[in-house]
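Proteins come first, then strands; the chains are lettered A, B, ... in the order of their sequence lines, and each starts at number 1.
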Amino acid sequence: MTIRVYNTLTRAKEPFEPMIPGKVRMYVCGPTVYDSCHIGHARSVVVFDMIFRYLIACGYEVTYVRNFTDIDDKIINRANELGMTTQALAEKYIIEFHEDMDALNNLRPTIEPKATEHIPQIIVVIQRLFENGYAYAADGDVFFRVSAHDGYGKLSGRKLDDMEAGARVDIDTRKENPFDFVLWKASKPGEPFWDSPWGKGRPGWHIECSAMGADYLGESFDIHGGGKDLIFPHHENEIAQSEAAFGKTFVKYWLHNGFVNIDQEKMSKSLGNFRTIREILKTCHPEALRLFLLSSHYRSPVDFNEQAIRDAGVSLDKIYALLERIEKSAADLPDLETAAAVLEETQTKDWRRFSDAMNDDFNSALASGVLFDVVRTFNRRLDALEAGAGEEDKTALGSQIIDLLRMGRILGIMAESPGEYMTRRRQMDMAANTVDPEAVEALIREREAARADRDFKKADEIRDRLKTMNIVLEDRSDGTGWKFIR
RNA sequence: GGCGGCAUAGCCAAGUGGUAAGGCAACGGCCUGCAAAGCCGAUAUUCUCCGGUUCGAAUCCGGAUGCCGCCUCCA
């Protein structure tokens, strides 16, 4: 079955057919590096990482480009505020971006180009636009002539005439049309600049993507992604620039992810409700955040709130509890590492269901439902085995481990060993609860002694006492464990 | 004003013409000294409302209501 993707350009799901069979060229807009990443960035990166992983799993050779906008007004302003160079500021936040996105278990793209390292390519594209009559200069600035491009508005479904009705505040009188946008911006004194045929200046926001996309993926490529907010004007302008410069279709499939809301409210700096990734990860396991983000379809809006993230954590616990159970199982199942090394392309019914979901416009929400089905049937088979029955299920478990890990690999979860996961969870819980583990262990030993004496009244008193400390006990065959109640 | 999206159980969320996945919570059961974990079972005769098309609609069409996004930097 082929993959079907929703294309913003055509507003329909289409069969995914890369221009070069077997190869996929994908460009996703990366961050402007002037501040810490928030959960909105996380969603975009995680969503396209999931798509990247799935395309690879489907056997495509994927070239994935994600840029860094490392020069623009916001960066200049921020650098001035902080008294540092734009370069140093950008570098600082690129490092942060990598730390955050690596923590979320995102694969690095094939190439991560920076705007400032592609000035010559940018200038060449602008020159092409001049040659083709789509650009004009004014006082060292260069503008794109929107009216000269027939298809302008085709991505966002806007018509220039309709938009002109909506009054824009400060119309630059040097523009031929209010919607003409800057390709090259003259530098003011003290600002970073590069030499160009139009004087000292820096590239406009949109042009870098056209130039770098063409540089690494060609003048025409398969997928271009980003947040929905980029549809207009950013992506609309990219199309105009690229198609005007190169005279061919810029991108075949346009994919856009939905927003993250915080407690039903749009997340924005002015509302002060934006949440940074690093702040969230202090109390939330990164894979729980991933699972949360992938539990909704990528085009739908998603609401971030405490309950949602807690639920995702509980769900993830359920998965790791199974992995731990597999590891400790007496039945001679393949161990996780061996299974992970195999992961051959078996076509089980579960994998089929999972890939069908992913094939339908990367429906990770449906796909994660399949994963939980597998978790449940797996536990059921283990129950049967432990009860001394269900020997016939044993062979099924081998391939089911593989399914489990394959699904996890697409979603980018289950990357840790159960032991690592449990340790990490414990650490985060310890940070959120002020408890002396020594005291807990002492109480547990006391209770063990009481239980050995069959003094269940005392044992239960200790259990209750721990419960007031937000701790629940688990009596297992290999001893008593404890964990925090969420 | 222009363009677009969404409304499914207490909450989250799939389903886009064939009779409502999954997760969390709650309830009953198995298991357990009691629990926890796991499993099993029962939970929406119904998908915001009103019309229409159809043998058949949560799914398509028309209308109403509500919520939201974009049109300005934004993932």
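- When the P atom of B/C71 is taken as reference, atom NE2 of A/His235 falls 14 Å away, rounded to whole Å.
- Between A/Arg325 and the phosphate of B/G38, there is no side-chain N or O to OP1/OP2 separation shorter than 4.0 Å.
- Look at CD1 on A/Ile326: it is 19 Å from P on B/A37, rounded to the nearest Å.
- Using Watson-Crick or G-U wobble geometry with both donor-acceptor distances under 3.5 Å, B/G17 finds no partner in any strand shown.
- With sequence neighbours excluded, the residues forming a ring-ring contact (aromatic ring centres under 6.0 Å, His included) with A/His256 are A/His235, listed by chain and number.
- When the P atom is compared between B/U54 and B/C61, the two are found 16 Å apart, to the nearest whole Å.
- No hydrogens or angles considered: a donor-acceptor pair under 3.5 Å links the side chains of A/Tyr54 and A/Asn359.
- Nucleotides B/U48 and B/G10 have their P atoms positioned 13 Å apart, rounded to a whole Å.
- With a 3.5 Å ceiling on both atom-pair distances, B/U59 lacks any Watson-Crick or G-U wobble partner.
- In this structure, the NZ atom of A/Lys228 is 12 Å from the C1' atom of B/A75, given to the nearest Å.
- For the residue pair A/Asn105 / A/Glu287, no side-chain donor-acceptor distance below 3.5 Å is found, with atom types taken as modelled.
- Each of A/His41 and A/Glu265 was matched to the nucleotide of RNA chain B holding its nearest heavy atom; the match closer to the 5' end belongs to A/Glu265.
- When both pairing distances are held under 3.5 Å, B/C3 makes a Watson-Crick or G-U pair with B/G69.
- In this model, a side-chain donor or acceptor of A/Asp475 finds a partner on the base of B/C34 within 3.5 Å.
- Set against B/A14, B/C24, B/G22, the side chain of A/Asp311 has B/C24 as its closest nucleotide.
- A/Arg380 has a side-chain polar atom (N or O) that falls below the 4.0 Å cut-off from OP1 or OP2 of B/C40.
- For the pair A/His234 and A/Lys266, nearest-nucleotide mapping onto RNA chain B gives the more 5' position to A/Lys266.
- Phosphate contact (OP1/OP2 of B/C68, side-chain N/O of A/Asn261, threshold under 4.0 Å): absent.
- Taking only distance into account, the side chain of A/Arg463 meets the base of B/C34 through a donor-acceptor pair shorter than 3.5 Å.
- Put simply, A/Asn257 has no side-chain N or O that comes within less than 4.0 Å of OP1 or OP2 on B/A75.
- The distance between atom CG of A/Asp373 and atom C1' of B/G38, rounded to the nearest whole Å, is 16 Å.
- For the pair A/Pro15 and A/Tyr253, the tightest heavy-atom approach, listed with the atom from each and the gap, is O-OH, 3.0 Å.
- Applying the 3.5 Å distance criterion, the base of B/G33 shares a donor-acceptor pair with the side chain of A/Arg447.
- Phosphate contact (OP1/OP2 of B/A14, side-chain N/O of A/Ser300, threshold under 4.0 Å): present.
- Distance NZ (A/Lys318) to C1' (B/A25): 13 Å, rounded to an integer number of Å.
- Ring stacking holds between A/Phe456 and B/G33, with the centres under 5.5 Å apart and the planes within 30 degrees of each other.
- Spacing between atom CZ of A/Phe97 and atom P of B/A75 amounts to 10 Å, rounded to whole angstrom units.
- Contact of A/Asn363 with B/G15 (side chain to base): no donor-acceptor pair of N or O atoms is detected under 3.5 Å.
- Taking the P atom of each, B/A13 and B/A20 are spaced 22 Å apart, rounded to whole Å.
- Comparing the C1' positions of B/A57 and B/U46 gives a spacing of 12 Å, expressed to the nearest Å.
- Residue pairs meeting the salt bridge (Lys or Arg N to Asp or Glu O under 4.0 Å) criterion with at least one member in residues 221-232 of chain A, sequence neighbours excluded, are A/Arg25-A/Asp222.
- Nucleotide B/C30: paired with B/G38 (Watson-Crick or G-U wobble, both distances less than 3.5 Å).
- If you measure from atom CG of A/Leu322 to atom P of B/A36, you get 20 Å, rounded to the nearest angstrom.
- For B/A75, the base has no donor-acceptor partner in the side chain of A/Arg43 [N/O atoms by modelled type, under 3.5 angstrom].
- Whole-Å rounding puts the A/Arg451 CZ to B/G33 P distance at 8 Å.
- Between the side chains of A/Asp70 and A/Tyr93, no donor-acceptor pair of N or O atoms lies under 3.5 Å.
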